[in-house]
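Only one structure is covered here, and it is reproduced in the block below.
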Amino acid sequence: MMLSRLSFFPLFCGLFVVTHSWTIRELGYVAIPNPAFTSVQVHPGTGRYDVTCTTFSSSPLVADRVMVIRDVGGQIAQNGASNLEVEVLSGGHKWPNELDKVPDDVFGRNDLWWLGTGFLVPTKTDGIIALIDADEDTQDGPAPTYDITSSPLITQEWFYHHVSFVDADGDGRKDALSARAYVPLDGGPIAAQMVWHKHPESGDPLTSTWEEFPLFDGPDAGFCYYEIPLQNGLTRYVIFSTQYFLEKLVMSWYDGTSPDFYNLQHKVLDATPEERYFDCELADMNADGDLELLITANSDTNGKLLIYEPMRNKDWPEGEWTKHVIADGFKPNVPEITEGNGSPGRARSMYPKIPVDRKKPMILMTGDDDNNAYLFEAVKDNDPEDWTYTKHVIFQANEGTVGAISYADIDGDGLAEIFIPAYSDGRLHVMTFEP
């Protein structure tokens, strides 16, 4: 959920769906105003799963918040999914977007979250990268939150969505890698770039501004970063950027023993007109032992779920990438067509059961402004050359937008639970796989 104009269209809320030998059942829902991006992580102190959810409003007078549901598995077991206790984790934000755990090796601790904020909404265009100190979070008040990107020297307003951490300059400290954009409300030129923020060498990194170093233009919000060992002993440091505004899917990479972001090579993997590339994940999608790129292309008329397969003996830089259209025809459930009103949203590969009893992963995808959440299942699980999938609607909101879904086996039964934020309904739904 990145560029959605809020819309309203009544639909039936489905509770059950059968996917081959699987059943997905809704456990219940809890009221949360405007739930958007969800994340589920193990709490470092309790060892139990917490669910976080960002919330935002287009109202300029409303300060936005990050909510948390502690020990969600224990709460469901004791009181059910419709009686979950929701608390404020962090508040006072301008349009909080993605939220996730800071890797333990960034600060030598396991209780920090990162958050990207800001959007093309009046009074909320000036976003930041924030760090949330969950170790100081108590039921008596929100956790301390630190802004690492604002400085009097930075006059340009930016919005941020995603952050990855990598030692960009070889000093032994992991830095913050992000994409960012500025979209003038008066229709002026759009600015977008990939940038890394230097982890300070001295002082408290939580209370310091991290110096910024722009790398290249184009990336605006969505990207994914990977470090892939090569057979020659080197590592490929690669950024896939889904450049929504430029309508380009770009691979940027460097092969070496450490990243060198100033000598990246760039390759445009796709630039199909009217395909606004939205989200990405690198995973083995056809169970052949090699990696493919899972992509959503957001549109107001014909959104798509795509998989790109590198060819020529899997030589990424020189070879072509075959584009497989897994599903298309996605569009918002509203009559008007406007920029930022589209479908689908985020997609993630997933296995519903641990231990895994299938080869190819399923694909869990939100429809964003089409009210739906989907599950895609490979028709031929044993055939790496077959790219046909069945599409199942596993959830329909009553109206409007469905935000970013997350999942985990929160109760230890080997089957995944799914957290679906129905933004316009103001509900966070909990669903579970059953055999």
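Between Tyr29 and His429, the angle of the ring planes lies from 30° to 60°, which puts this pair in the tilted group. Ring planes of Phe119 and Trp95: parallel class, angle under 30° (limits at 30 and 60°).
The side-chain heavy atoms of Phe56 and Asn34, taken from C-beta on, include no pair separated by under 4.5 Å. Using a 4.5 Å cut-off on side-chain heavy atoms (C-beta onward), Lys391 and Tyr389 make no contact. Counting heavy atoms from C-beta on, the side chains of Glu292 and Trp387 come closer than 4.5 Å. Considering only heavy atoms from C-beta on, Ser349 comes within 4.5 Å of Met285 through its side chain. Under the 4.5 Å side-chain criterion, counting only non-hydrogen atoms from C-beta, Asp409 is not in contact with Ile354. Proximity of Val86 to Leu428: side-chain heavy atoms (C-beta onward) are nowhere separated by under 4.5 Å. Contact annotation: the side chain of Phe165 approaches that of Trp114 to within less than 4.5 Å [non-hydrogen atoms, C-beta and beyond]. Inter-residue side-chain proximity for Ile410 and Phe419 is flagged as met; some heavy-atom pair is nearer than 4.5 Å.
When atom types are taken as modelled, the side chain of Trp158 and the backbone of Ala191 share no donor-acceptor pair closer than 3.5 angstrom. At least one donor-acceptor pair under 3.5 Å links the side chain of Thr242 to the backbone N or O of Gly222. A donor-acceptor pair is defined here as one N or O able to donate and one able to accept, closer than 3.5 Å; no such pair exists between the side chain of Asp370 and the backbone of Lys331.
Under the side-chain hydrogen bond (donor to acceptor under 3.5 Å, both in side chains) test applied with Asn333, the options Thr401, Asn372, Asp369, Asn371 reduce to a single match, Asn371.
Between the side chains of His197 and Thr149, no donor-acceptor pair of N or O atoms lies under 3.5 Å. When only modelled atom types and interatomic distance are considered, Asp100 and Gln41 share a side-chain donor-acceptor pair under 3.5 Å.
Between Asp175 and Lys198 there is no salt bridge, since no side-chain nitrogen of the basic residue lies less than 4.0 Å from a carboxylate oxygen of the acidic one.
Ring centroid separation for the pair Trp321 and Tyr308 does not come in under the 6.0 Å cut-off. Aromatic pair Phe223/His161: centroids not less than 6.0 angstrom apart.
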Working for salt bridge (charged side-chain N to carboxylate O under 4.0 Å, His left out), residues Glu212 and Arg180 = CA-CA 12 Å; Glu212 62 179 43; Arg180 63 188 186 183; 2.9 Å; yes

